[in-house]
Amino acid sequence: MTNNLKMGFKALKYGLNFKGNFFAMLLFLVLGFIMMFASPTKILGSVYNSIGAIMVVQLINSVSVSAMVQTSPYKKKLQTIIPALHAGSYLLIINTLNIVMLLVGTNFFEWDKTLISNSILMSSGIMIIIGVYMNIALKFFWPATIVFFIAYFLYYIPLGLMELLEDEAEMILPLEMSIVISYVVVIAGSVLMYVISLAIYKFEYSKITWEAALKRAK
């Protein structure tokens, strides 16, 4: 695992438009935390925070597109275990930062504990939906995008109802349990990303995905 993490960090530096993606990642992080502070009971902040995982997966995979890596024994790892490991690690860090911010808000700004508990639980789920989407979109852009919007819409329905009935909302799980489950969800989702990448490893990359990335790099 340590060697795969080291290899991933090296690959990130050589990824397509690394500086641009890194700047965009920081921008989305800042926007995500601002949105989370402004609306702690909603998951939009987590959506923005999770976009960094998409960039991590794309950057590492962009290295494996080169002719040199295509004949390298590391090709499969750069398309499977390494992006899943790095994206999963990124999401674990983001999940931790989200939880810390929400707990601080609960203690100092008297945010509703019931809604915060629900937010922590539901935010971890949207992180995985986004991470899994990027894994599939690299090879099957349009099918993955269509399924993502359907999944996001269906996932958001109960959240919308909770927001409408905010005063009557019930705690899905105790706060401590929501925190534990959020980590379980992120770890399980990272494993799912790896399994999916193995299943679609032999398929060609989507031209749409890389054409868009190349245009951004110019």
Side-chain angles (χ1 to χ4, degrees), residues 1 5 25-57 83-136 147-197:
M1 183 179 290
L5 282 171
M25 188 188 303
L26 291 178
L27 181 61
F28 278 117
L29 274 174
V30 172
L31 286 173
F33 286 124
I34 289 174
M35 288 181 179
M36 182 168 288
F37 185 81
S39 303
T41 61
K42 296 179 174 61
I43 65 168
L44 192 57
S46 295
V47 172
Y48 274 81
N49 287 344
S50 304
I51 290 175
I54 292 178
M55 296 175 179
V56 168
V57 171
L85 187 59
H86 274 264
S89 300
Y90 176 88
L91 291 175
L92 282 172
I93 293 171
I94 291 302
N95 189 53
T96 301
L97 293 175
N98 287 349
I99 290 170
V100 169
M101 174 176 277
L102 293 172
L103 290 179
V104 168
T106 302
N107 291 323
F108 290 94
F109 301 104
E110 297 183 352
W111 291 343
D112 188 279
K113 197 171 182 180
T114 294
L115 297 174
I116 294 303
S117 177
N118 294 346
S119 178
I120 290 172
L121 190 61
M122 301 304 284
S123 291
S124 63
I126 199 64
M127 288 181 190
I128 298 310
I129 290 174
I130 291 173
V132 168
Y133 159 70
M134 188 58 201
N135 257 51
I136 302 174
V147 171
F148 168 75
F149 279 112
I150 293 172
Y152 183 82
F153 177 73
L154 293 175
Y155 191 79
Y156 200 81
I157 288 175
L159 293 177
L161 290 174
M162 280 193 280
E163 288 169 14
L164 288 173
L165 304 172
E166 197 169 275
D167 294 334
E168 302 174 21
E170 295 183 3
M171 190 178 289
I172 299 173
L173 290 172
L175 180 59
E176 295 78 9
M177 185 61 70
S178 290
I179 293 172
V180 172
I181 294 298
S182 72
Y183 282 104
V184 173
V185 169
V186 172
I187 293 171
S190 302
V191 174
L192 178 60
M193 289 169 63
Y194 172 58
V195 171
I196 290 173
S197 65

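The basis for the numbers below is simple: all heavy atoms, side chains too, and nothing from hydrogens, waters or symmetry mates.
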Taking all non-hydrogen atoms of both residues, which atom of Ala87 and which atom of Met193 are closest, and how far apart?
CB-CE, 3.5 Å
Checking side-chain contact (heavy atoms from CB on, under 4.5 Å) for the pair Leu103/Leu175: CA distance, chi angles, key distance, verdict?
CA-CA 10 Å; Leu103 290 179; Leu175 180 59; 3.7 Å; yes
Got a donor-acceptor contact below 3.5 angstrom from the Ser119 side chain to the Ile116 backbone?
no
Return the CD1 to CD1 distance between Ile179 and Ile181, rounded to the nearest 0.5 Å.
11.5 Å
Closest heavy-atom contact between Met25 and Met55?
N-SD, 3.7 Å
Work out which heavy atom in Met35 is nearest to a heavy atom in Gly45; give both atom names and the distance.
CB-CA, 4.0 Å
Using 30° and 60° as the class limits, which term best fits the ring planes of Phe37 and Trp111: parallel, tilted or perpendicular?
perpendicular
Could you point out which residue of Ile128, Val56, Asn49 forms a side chain to side chain contact (heavy atoms under 4.5 Å, CB included) with Leu91?
Ile128
Drop me the distance from Leu115's CG to Thr106's OG1, to the nearest 0.5 angstrom.
9.5 Å
Which heavy atom of Ser178 sits nearest a heavy atom of Ile120, and at what distance?
O-CG2, 3.9 Å
Has the side chain of His86 got a donor or acceptor atom that lies under 3.5 Å from a matching backbone atom of Val57?
no
Without swapping roles, check the side chain of Ser117 against the backbone of Leu173 for a donor-acceptor pair under 3.5 Å.
yes
Could you walk me through whether Tyr183 and Thr96 pass the side-chain contact (heavy atoms from CB on, under 4.5 Å) check?
CA-CA 9 Å; Tyr183 282 104; Thr96 301; 2.7 Å; yes
Walk me through whether Ser39 and Leu44 qualify under side-chain contact (heavy atoms from CB on, under 4.5 Å).
CA-CA 8 Å; Ser39 303; Leu44 192 57; over 6 Å; no
Decide yes or no on side-chain contact (heavy atoms from CB on, under 4.5 Å) for Val30 and Leu26, but give the supporting numbers first.
CA-CA 6 Å; Val30 172; Leu26 291 178; 5.5 Å; no
Nearest non-hydrogen partners of Ile126 and Ser123, listed with the distance
CG2-O, 3.0 Å
Looking at every heavy atom in both Ile130 and Ser50, which two are closest together, and how far apart are they?
CD1-CB, 3.8 Å
